[in-house]
Every structure is written in C-alpha cells, then in structure tokens.
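Let me begin by presenting the structure, written as structure tokens, before commenting on it.
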Amino acid sequence: GPVVRGDTATVAAHLAALGEDLPEVAEAYRALSRAILTTVRPALPGDVATALDVLLADPTSAGSDR
C-alpha cells in the first residue's frame, strides 16, 4: 500500500477523504498505517518516514499541531 511505497500524497488523500465525517475510520487507518510504518521504516528514506509520521500523528494527542 501507500505506506510501504512511501507514497505520502496518497496517504494524505486518504486521510482527507475520510475527513471529519468518519473519525473512527480515520483513526483506524492511522493506527494500521503507523504499525506498517514501524515495519517498513528501514527501507524508506528518512525524510519520507518523517513525513509519514507527521501525516499519521494522532490529531487529538497533546502537542499536536492538528
């Protein structure tokens, strides 16, 4: 999927499509994608992994800019 490929544009598009209408689905997407990212991080360029970290951050966590 897009996380394995480091496809930040697709991950961003998926999260935007889920939007605020389906927050529970968006959180599940984030959680699953973060789990995948943990596994594939060594194969991704550092800047791509960091960008995915930012996209997949929990928007309700303390200190988040989202």
Side-chain angles (χ1 to χ4, degrees):
V3 174
V4 173
R5 294 189 308 269
D7 187 348
T8 57
T10 297
V11 172
H14 287 169
L15 290 169
L18 292 170
E20 294 184 20
D21 293 334
L22 298 168
E24 65 283 352
V25 176
E27 184 48 39
Y29 181 93
R30 283 185 182 90
L32 291 169
S33 295
R34 285 191 301 262
I36 293 166
L37 181 57
T38 298
T39 302
V40 301
R41 181 180 301 277
L44 295 174
D47 60 332
V48 173
T50 299
L52 287 167
D53 281 330
V54 171
L55 283 171
L56 298 171
D58 182 352
T60 63
S61 67
S64 175
D65 290 340
R66 295 175 146 220

Same hydrophobic cluster for [X] and [Y], using side-chain heavy-atom links shorter than 4.5 Å among ILVMFWY?
{"X": "V25", "Y": "I36", "answer": "yes"}
{"X": "V48", "Y": "V4", "answer": "yes"}
{"X": "L22", "Y": "L55", "answer": "yes"}

At their closest point, which heavy atom of [X] faces which heavy atom of [Y], and how far apart are they?
{"X": "V3", "Y": "L52", "answer": "O-CD1, 4.0 Å"}
{"X": "R34", "Y": "L56", "answer": "NH1-O, 2.6 Å"}
{"X": "V11", "Y": "P2", "answer": "CG2-CB, 3.9 Å"}

Exercise for the section: Output every pair passing side chain to side chain donor-acceptor pair (under 3.5 Å) with a member in residues 2-16, not counting sequence neighbours, ordered by first then second residue. Expected result: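 As it turns out, the side chain to side chain donor-acceptor pair (under 3.5 Å) pairs with a partner in residues 2-16, which skip direct neighbours, are R5-D7, D7-T10, H14-Y29.
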Problem - Side-chain touch D58/E27, heavy atoms, less than 4.5 angstrom - result: yes
Exercise for the section: Quick one: which residue pairs count as a ring pair (Phe, Tyr, Trp, His ring centres under 6.0 Å) with a foot in residues 30-55, not counting sequence neighbours? Expected result: none
